[in-house]
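Every heavy atom of this structure was used, including side-chain atoms; hydrogens, water molecules and symmetry mates were not. Chain identifiers are assigned alphabetically (A, B, ...) following the order of the sequence lines, protein sequences preceding nucleic acid strands; residue numbering begins at 1 within each chain. Remember, it's a predicted structure, so these values are computed and weren't measured experimentally.
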Number of protein chains: 2
Amino acid sequence: MKWTQQELDRLFNPKVVAVVGDKKDRDYNWLRCCSSLQGKVYSVQIDEKEIPGIEAMGIPNYKSLVEIPEPVDYVIVTVPRAVAPRVLEDAIRKGVGGVMFFTSGFAETETEEGVRLQNVLKRMAEEANLKIVGPNCMGIFNPKVGLRHSQDQYYGEAGNVGVISQSGNLASQVAALSSVHGIRISKSVSFGNGIVLDAADYLEYLGRDQDTEIIVMYVEGLHDGRRFFNILREVAVRKPVVVWKGGLTPEGSRAAFSHTASLATSPVLWDSLMSQCGATKVDTLDDILDTVTAFLHIKPSTGRRMGLVATTGGRSVSMADAFAKEGFGIPALAESSYQEYSSSFSSIGASFRNPLDITPYLRDQEMVRRILEILGADKNVDAVAYELNLGFLGRRQESFLDNLVKSLSDYRETLPKPFFAILTAGVREKEAVDVRQLLFKNGIAVYSNFQRASAAFRRIVEYYANLAEMDSA
Amino acid sequence: MKWTQQELDRLFNPKVVAVVGDKKDRDYNWLRCCSSLQGKVYSVQIDEKEIPGIEAMGIPNYKSLVEIPEPVDYVIVTVPRAVAPRVLEDAIRKGVGGVMFFTSGFAETETEEGVRLQNVLKRMAEEANLKIVGPNCMGIFNPKVGLRHSQDQYYGEAGNVGVISQSGNLASQVAALSSVHGIRISKSVSFGNGIVLDAADYLEYLGRDQDTEIIVMYVEGLHDGRRFFNILREVAVRKPVVVWKGGLTPEGSRAAFSHTASLATSPVLWDSLMSQCGATKVDTLDDILDTVTAFLHIKPSTGRRMGLVATTGGRSVSMADAFAKEGFGIPALAESSYQEYSSSFSSIGASFRNPLDITPYLRDQEMVRRILEILGADKNVDAVAYELNLGFLGRRQESFLDNLVKSLSDYRETLPKPFFAILTAGVREKEAVDVRQLLFKNGIAVYSNFQRASAAFRRIVEYYANLAEMDSA
């Protein structure tokens, strides 16, 4: 379907929203979600038993979309599938901006009726050039304008990360976890079966969207692979695109068909296309969060020579192994650095190789800062990673942690090289959840183990290296 | 060095322990650790300034090991490296059971003096046939007899998991995290440079130890690879041996040399030897915990056909992908199962493939149990994995969770096939830490994501498949 940026802007930033078919049974969830909308909300409901509850919330109700006394930008439809075509017909007559079908039960059910109804919706929308989001999805989340698909979601905040997800659950998870990870969402769309607008359309749209600086995608299937990869190649030059493909195994692919009626893709072909397009391939929700925080909080770099700081000798070995497995070098430091270390620190020798074993100085913030400064200034080192081990810190006062985070945040800002942290916890995992959030809030990318840290950093280094290669070609 | 099971039993279950060189500076940490010992503790300290503090704790102090008025089973040495040979000389004269050197600064420093002193200790011990644990290590942890190397460690509890670690930190971490994961340790040893007794010795010892049913190892280097692999092959037939090799990358290997003076091993050769020996190879601390809980809590099985239960369609796809990547099949269920599902549940169709999408029934424990029962009885399914999604449960009463855990624990016990859980949390990670602990306490293996669950289960299935192959050969 042809569309303009302006047309999709209308959908993603609606001033008037209509909800068709919301019910007391579900506690009017969709209408309640709209309570945060910076704009007007209407209900469409013909069931006399449902109407009083809706009007009690102060929301005007009409018997049909066409009766609403002003133009409607975005329609949320939650009616039984058999009624979906009639609602769509009204939407077309009304000339709304677009329709989101939460309604499911279409091709993903593998039933004749489901497939038939999906084809009816698709044909109607295409003939009328009406935008459909979905069906079988959660639709758009735009915190800036207060458009949500869950009452738990935040609003009133502008962000820079765009989310395109074929799974409603994944879209919800990224939204929910975003604030924990210091990620702010610009626009998010869950698009389910994607029968009219699909992954390629949303990617093209967010690729041009000024607010969106990083794009995250979860896709299960593509309707037009060639078009998708052409757009992906174009967009990835301008901003990072992080892509998770669900259903790359035959077993996952069967599940994907049941979920969004998506067809199989060869994993080898997929990997090669991702890499040719300069997109960043990931495989899990954790990968997504890790990679986005890396893009957001770590300085762009193509260098692969790490300066590593760990707690204990054993963890130095694990840290070195983890980064080496992701293709990073862990070079000897410059002679001048070792001289500086020797003059400032008593514990020389084994402790001041690379990784540096920081154990004796863990609780002395000035020493930690000094160790990081020397490492950061070393000419053999392109990037610095620091393990903060909660178990070894013992029970410090809260001000200790605050000062440490302030010092690290300051170090990160002044260092002209990438810097990030690994916060390991041992048995203090619950406390670690809070400390990681504190670090994110202070602009520091933090990971729960060496593997996740090194994999996330490798992905962004690859992205920038790819960009540099294309620039020089 | 030659040793008998009885000799090492004396070391691992000491009745009399002597601590040489403990100091106020370190708050007499080693002596305090011994407060839990079911036996007698002596101090050896010549510094007049240190003695009053020691005696104030009620611990008798002597100027030399030989002055202690009864036989000594285990000596903890924390003196400067230069003094180590003199302490060893006394230990030999005294005829103690063995000596653990916490003292470091030997070959791992790559200094002439460090190497020389290490060689002196080794030669002295070998000539006298005296057992040395270490140097550069934390030594033995035996909760049953109250022998510890950290005051945080628990005691007074017998266990069945043996730990052999070249890294003191890893030994401590496993001990600390063990109770969280429902793991009880039989005997643990951190052995650092392992100059007299090394990995092979401890493996042979714990291989024969009646209390130890599973062995966990972290090694950085081997002094006699052939002997180690011969023992590993023998032991692994009798009990699972989970092995993490640190320093398999060139970078990690350099760090391992600085840590425990260990030399490099080829990763390809290592993998192939692990597999030939029937050992279970892991790469991280999380792997260790995941694998041990699998061995402890999941019924032995060689079947690879999974019955999977997930929350939401999107997560069904991820779950299927994760298990398929580890080589599991996710078959269609038997026709009779689908018939049972259709008769009991309204939401048929897409939701009752495999993985089963349990979303509509999440909060109905009887329905959950029924779904699991039908799946567990299916002839196409060898094992059942169940995703419990905390985010989707909403805020339930505590009794809800208790009942759920009870029901799952009962299901696990009656099902003649392997069963385990995945507890995903979204933003409720802190709560999840507690719920996972509750599940472990009830004998249910639980994992924080699909990848960790499928990898852990794959490792134990491989172990049992290997055993079965050897039996039939």
Given that the side chain runs from C-beta out, which part of [X] has a heavy atom under 4.5 Å from chain B: side chain, backbone, both or neither?
X	answer
Asp152(A)	neither
Phe257(A)	neither
Gln166(A)	neither

Legend entry - Glu429(A) bridged to Arg436(B) by N-O distance under 4.0 Å: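 Answer for the salt bridge query: no.
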Inset, instruction - Please determine, among Asp283(A), Val180(A), Ile330(A), Asn136(A), the option with the most heavy-atom pairs under 4.5 Å with chain B. - result: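 Highest number of pairs under 4.5 Å: Ile330(A).
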With chain A as the partner, which of [options] has the greatest number of non-hydrogen pairs under 4.5 Å?
options	value
Leu177(B), Thr249(B), Leu248(B), Thr111(B)	Thr249(B)
Asp286(B), Asn389(B), Asp434(B), Leu170(B)	Asp434(B)
Ser167(B), Ala176(B), Gly247(B)	Gly247(B)

Inset, instruction - Could you tell me which non-hydrogen atom of Arg353(A) sits nearest to which non-hydrogen atom of Thr109(B), and how far apart they are? - result: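 Scanning both residues, the minimum pair turns out to be NH2-O, 4.0 Å.
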Legend entry - Qualifying residues under salt bridge (Lys or Arg N to Asp or Glu O under 4.0 Å), relative to Arg428(B), sequence neighbours excluded: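 If we apply the salt bridge (Lys or Arg N to Asp or Glu O under 4.0 Å) test to Arg428(B), skipping adjacent residues, the hits are Glu431(B).
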Legend entry - Interatomic distance, Gln451(B) atom CD to Asp287(A) atom CG [nearest 0.5 angstrom]: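 Going from the CD atom of Gln451(B) to the CG atom of Asp287(A) covers 8.0 Å.
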Legend entry - NE2-OG distance between His259(B) and Ser318(A), expressed to the nearest 0.5 angstrom: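 Reported value, rounded in 0.5 Å steps: 9.0 Å.
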Inset, instruction - Side-chain contact test, heavy atoms from C-beta onward, threshold under 4.5 Å: evaluate it for Tyr218(B) versus Val317(A) and give yes or no. - result: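 Yes. Closest side-chain heavy atoms under 4.5 Å.
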Inset, instruction - Under 4.5 Å heavy-atom distance to chain A, tell me which part of Val433(B) shows up: side chain, backbone, both or neither. - result: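 Interface part for Val433(B): side chain.
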Legend entry - chain A contact via Thr284(B) - side chain, backbone, both or neither, heavy atoms under 4.5 Å: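 Side chain only.
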Legend entry - Contact residues of residues 319-326 of chain A (partner chain B; heavy-atom separation under 4.5 angstrom):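 Ala320(A), Asp321(A), Ala324(A), Lys325(A), listed by number.
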Legend entry - side-chain contact (heavy atoms from CB on, under 4.5 Å) involving Val435(B) - partner list, sequence neighbours excluded: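 Only Leu390(B), Leu401(B), Leu423(B), Leu439(B) meet the side-chain contact (heavy atoms from CB on, under 4.5 Å) criterion with Val435(B).
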Inset, instruction - With sequence neighbours excluded, tell me which residues meet side-chain contact (heavy atoms from CB on, under 4.5 Å) with Thr359(A). - result: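 For Thr359(A) the side-chain contact (heavy atoms from CB on, under 4.5 Å) partners, ignoring immediate neighbours, are Thr311(A), Thr312(A), Asp357(A), Phe392(A).
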